[in-house]
Every structure is written in C-alpha cells, then in structure tokens.
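Atom set for the values below is all heavy atoms of this structure, side chains included, hydrogens, waters and symmetry mates excluded.
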Amino acid sequence: MAIHDGHRQRLKDRFCKEGLDHFEEHQVLELLLFYCIPRIDTNPIAHELLHRFGSLAQVLEAPVEELEKVQGIGHNAAVFLSLITAAGRYYQVNCASRNVVLTSVEACGRYLMPFFYGQRNELVYLLCLDAKCKVLCCKKIGEGSVNSAGVPIRRIVETALSANATSVVLAHNHPSGLAVPSDADVQTTRRLAMALDAVEIGLIDHIVVADDDFVSLAQSGYYRADECCSMVYQEVAQWTDSN
C-alpha cells in the first residue's frame, strides 16, 4: 500500500510541477483514474482502456456504456471519464462567449468550433447576431445520427425572432472528419435564407465544422444570397469581402 500511495503522490507532484506535456497517454489516464478509483493500481486499467479504444482522445470520447465494459471501470469512473471532454467543451464555449463581436468568417468559425468539440453525432447550432455583429446567443437546434441531422426551419426562424437577431449564422458538424458541404447542406441553406428573409433576418452564412477545420458556404461560393433573396445579399457580400 505504501509503495502504491507513493506512486500516486509522485504522479500528482509531477503534474503540479510540469503539467501534462511530457506525460504518456497511460499516465494521464492513471492520474485521472486516481480521483474515481481509490486504493487500487490504475495502471493496468489505463492500459486496457487504451488497448480497447486506441488513444486517450478515443477513451475520453467513448460512451459511458462502452467504458463500463472495461474491467475495473465502474459507473462512477465511466461517468467521470466522459465528463472530461464535456467539461472541456463547456470551458471552451464559455471562454468564447464573453462579449464577442464577430465581423469575419474566420472569427465566426473560431467562435463556433468549440461547440462541436468531442461530439460524435451531427449537431446543428444557430448563432444569432445583432446589427453590430455582437453575439446574442448560440443555441443547439437539431441533433441527428453520425450521418445526418434534421434542420427544423420553423424552429430556426422562431429562435432568431425570439433572440431579436438582425442576422444569423447556421452551423453544423461532420463527425466523419470532412468539412465539405453536401448538396443537401446547400439546398437547406437556400431554403432557410428565403424563410428568414420573409421575417427580415439575414442568413449571413452556413458553416460546416469537422475536427479542427471548417468551411464557409458563403466564402466558398456554395451559397449566393442574390440567388435566394435580395435583403441579405449586401450583408453577405460585406461578410465575405472582409476576409
């Protein structure tokens, strides 16, 4: 017990002194497991997690029910490991949401990417802006499977109106890892632009996020506001020209 306790303390002391930069993946997992699995050696459990899922990132992104299948991982430990990625996403979104003004595609993409951090399913978010491009809110408005997510146009319009938005940006992720807009993405963007135009709200852009990359439909030429409605055309032109 004394040797085991000493190992735990040494690993904690090393983190406090050096951070995690020089830790091996199994050592990071060991350290995390200290706080949810007391009094036993977590080294074999850490190695088994990596063997089963392939990497630290995949362990932290794994569903609770899959983590519980690993010997030594109970429900509390599985929930704790899942909490790490969720807390990281919450932290990034919280940092990005402090009195932000978005005046370019790049700024908008950087703002939106944390909302999709670690997500395994396809999600749809609506970013609402005022007349000065200040963020009013960013709300999840759809969730689907890994391959598809419904885009409820009526709900999008209602969300934009309730936020008193002047313009909005639609965003969704491609968990497959390719931020290339599909034909369905383009058609949905055009339908949504016309629906929002009817209530005098501009759809500035539709951004597709994949891992650490994103594609702007407006900047890439997939979305032309002048083909959908006249009201937002000048606004979209200013948005893409600013880059």
Side-chain angles (χ1 to χ4, degrees), residues 1-16 18-96 112-125 139-151 171-180 182 208-214:
M1 177 66 73
I3 295 175
H4 176 65
D5 287 343
H7 172 67
R8 288 191 171 212
Q9 191 59 52
R10 284 192 297 273
L11 213 56
K12 292 176 184 178
D13 290 344
R14 180 183 166 192
F15 165 69
C16 291
E18 303 176 5
L20 289 176
D21 289 349
H22 301 293
F23 273 54
E24 299 291 336
E25 287 185 310
H26 73 275
Q27 293 173 324
V28 175
L29 276 174
E30 273 192 88
L31 186 59
L32 291 173
L33 292 172
F34 289 166
Y35 296 94
C36 53
I37 303 178
R39 295 183 298 278
I40 67 172
D41 184 5
T42 59
N43 181 279
I45 302 174
H47 280 287
E48 180 58 28
L49 285 165
L50 290 171
H51 175 72
R52 183 181 183 90
F53 295 103
S55 70
L56 175 64
Q58 289 172 300
V59 171
L60 298 181
E61 293 170 2
V64 169
E65 58 271 20
E66 291 299 317
L67 291 168
E68 288 178 329
K69 294 177 181 179
V70 176
Q71 186 174 0
I73 297 293
H75 183 69
N76 286 343
V79 171
F80 179 79
L81 290 176
S82 294
L83 179 63
I84 303 302
T85 299
R89 179 168 56 250
Y90 194 102
Y91 167 77
Q92 290 187 42
V93 169
N94 189 261
C95 288
L112 285 164
M113 286 178 66
F115 287 85
F116 302 100
Y117 169 73
Q119 296 286 9
R120 296 181 296 273
N121 288 341
E122 194 162 319
L123 306 177
V124 182
Y125 276 85
K139 295 185 177 181
K140 186 173 76 173
I141 46 106
E143 180 171 1
S145 67
V146 172
N147 298 317
S148 64
V151 181
H172 80 281
N173 63 323
H174 283 178
S176 62
L178 294 175
V180 179
S182 66
V208 181
V209 176
D211 295 332
D212 57 353
D213 188 23
F214 67 88

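- D21 CG to F23 CZ: the interatomic distance, rounded to the nearest 0.5 Å, is 10.0 Å.
- Counting heavy atoms of neighbouring residues, nucleotides and ligands inside a 6.0 Å radius, atom CD of Q71 does not exceed 12 of them.
- Between A171 and L112, the shortest heavy-atom contact is CB-CD1, 3.7 Å.
- Contact record, H174 with L178: ND1-O, 2.9 Å, taken as the closest heavy-atom pair.
- Note that CG of L56 and CD of E24 are 11.5 Å apart. Values are rounded to the nearest 0.5 Å.
- In terms of heavy atoms, A46 sits closest to H26 at CB-O, 3.5 Å.
- Here NE2 of H75 is found 10.5 Å from CD of E65. Values are rounded to the nearest 0.5 Å.
- Closest of all the heavy-atom pairs between L123 and K140 is CD2-CD, 4.2 Å.
- Distance alone, capped at 3.5 Å, is enough to place a donor-acceptor pair between the N173 side chain and the N121 backbone.
- Within the 3.5 Å criterion, the main-chain N or O of P63 finds no donor-acceptor partner in the side chain of E66.
- Taking 4.5 Å as the limit, some side-chain heavy atom of V208 sits within range of a side-chain heavy atom of H172.
- We find the CG-OG distance between L60 and S82 to be 8.5 Å, quoted to the nearest 0.5 Å.
- Although no hydrogens or angles enter the test, the distance criterion places no donor-acceptor pair under 3.5 Å between the side chain of T42 and the main chain of I45.
- Contact between F53 and A62 at its shortest, heavy atoms only, is CE2-CB, 3.6 Å.
- Interatomic distance, H22 NE2 to Q27 CD, rounded to the nearest 0.5 Å: 12.0 Å.
- What you find for A210 and A179 is that their closest heavy atoms are CB-N, 3.5 Å.
- Taken from CG in L49 to CD in E30, the straight-line distance is 11.0 Å, to the nearest 0.5 Å.
- Looking only at side-chain heavy atoms (C-beta outward), S55 and E25 come within less than 4.5 Å of each other.
- Between F34 and H7, the two ring planes are perpendicular [angle over 60°; tilted spans 30° to 60°].
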With side-chain contact (heavy atoms from CB on, under 4.5 Å) as the criterion, how do L33 and I73 come out once you've worked through the C-alpha distance, each side chain's angles and the decisive distance to 0.1 Å? CA-CA 9 Å; L33 292 172; I73 297 293; 3.9 Å; yes

